[in-house]
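To keep things clear, I will list the structure first and then write my remarks on it.
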Amino acid sequence: GGALYCEGRVWHFFTNVAPSQEFREEYWRAVEGEEPYPLFVKPDKKLSVRDIMGLFRNHFEGTPYDMTKGLGAGPFGCPYRWKPLQWQIEGDTVNKYGWGRPVSTQQTAFSYVSQARSWLPDEIGGVFWYGVDDNYTCVYTPLYSCLQSSPEPYTGGSIQEFSFESAFWVFNLVANLAYTKYSYVYKDIEPVQKELEDKFFLMQPTIEKAAAELYKADKNLAIEFLSDYSINSVEMTMERWQDLWKYLVVKYNDGYINDVTKDGGRHPKGVSYGDEYLKKVLEERPGYFDVKWKKKGDKIQ
């Protein structure tokens, strides 16, 4: 169980950053006698902040263990498996089974990438790229190490009580809606996620150049500038994510995909479950879903 749930994550990380070392999958697939993975590896090439974010966002895509594939992913390719991770079939007391556990999981509370640059003043060189909830659908916002106060959406809230003021719950709204029709909904989430993170990375050199100039004149003013920028980035992300949730609720209302670009009325489109899933449905109850007329005397299924 430990190998299946934890070492698979290590294998996918190491395989992505150091493919030249050809890490074997047998260890995390619980083959006896296989060598454990090392504690750390040297990447084949230098990694950027965004490379690390990308490593956080995976469900074994591109491998034979891709969790968006197969019957376990349901009809809409959902890469998540609901708990418990380990299970048995009723009446079978011998065999145990377990779902795979990717780096991206639905119960993630928060994740982050720390960016430290020693050649800059500490107040400018340290950036904490922070995201809440599922790292596959979160947005990493820049929080500079000189932050004077924590952004409100990241400070309050309770796991027992929903709040529109809590970033954790707002990101949960979007992620949990995506789980219902994943292969469709995620395509609407990804562009907004990319839009925001692209903006933060594009602005970073300009923001830091301005902060460096302020730092020369007044260190405290530079600190205030970067702190305000960090908080504003979070607030902008919160507002954009709330709007995204509203859009998704309308677009995917009642299981349809509604054309929300047209003026007036609803334009619902039903989408099928996909051939792979439907074939399994037919196998389970042969003849039950057949809509053609039957003759008297035929066996009714």
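Because the structure is a prediction, the values reported are computed rather than measured. We number each residue from 1, following the sequence as shown.
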Compute the centroid of each ring, for [X] and then for [Y], and state whether the two points are separated by less than 6.0 Å.
X	Y	result
Tyr80	Trp99	no
Tyr37	Tyr27	yes
Tyr136	Tyr186	yes
Tyr97	Trp87	yes
Tyr5	Trp28	no
Phe164	Trp169	no
Tyr140	Tyr130	no

Residue pair [X] / [Y], side-chain heavy-atom distance below 4.5 Å:
X	Y	answer
Ile189	Trp241	yes
Tyr179	Gln106	yes
Asn16	Asp51	no
Phe76	Thr180	no
Asn258	His267	no
Asp198	Glu195	no
Glu25	Tyr65	yes
Arg101	Leu4	no

Exam field: side chain Asp44 to backbone Ser20, donor-acceptor pair closer than 3.5 Å: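 Side chain of Asp44 to backbone of Ser20: a pair is present.
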Please round to the nearest 0.5 Å and tell me the distance separating atom [atom1] of [X] and atom [atom2] of [Y].
X	Y	atom1	atom2	result
Phe200	Thr141	CZ	OG1	6.0 Å
Met236	Ile231	CE	CD1	14.0 Å
Leu173	Thr137	CG	OG1	11.5 Å
Asp290	Arg285	CG	CZ	13.5 Å
Trp82	Gln107	CH2	CD	9.5 Å
Ser111	Asp134	OG	CG	8.5 Å

Applying side-chain hydrogen bond (donor to acceptor under 3.5 Å, both in side chains) as the test, list every pair that has at least one member in residues 226-236; sequence neighbours left out.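 Output for this query is empty, none listed.
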So if I apply the side chain to side chain donor-acceptor pair (under 3.5 Å) rule between Gln204 and each of Lys199, Lys209, Gln115, which one comes out positive?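 Passing option: Gln115.
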Taking only residues two or more places apart in sequence, or in another chain, which ones meet Arg57 in a salt bridge (Lys or Arg N to Asp or Glu O under 4.0 Å)?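 Arg57 satisfies salt bridge (Lys or Arg N to Asp or Glu O under 4.0 Å) with Glu197 once adjacent residues are dropped.
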Salt bridge present between [X] and [Y] (N-O < 4.0 angstrom):
X	Y	value
Lys216	Glu213	yes
Asp259	Lys269	no
Arg117	Glu208	yes

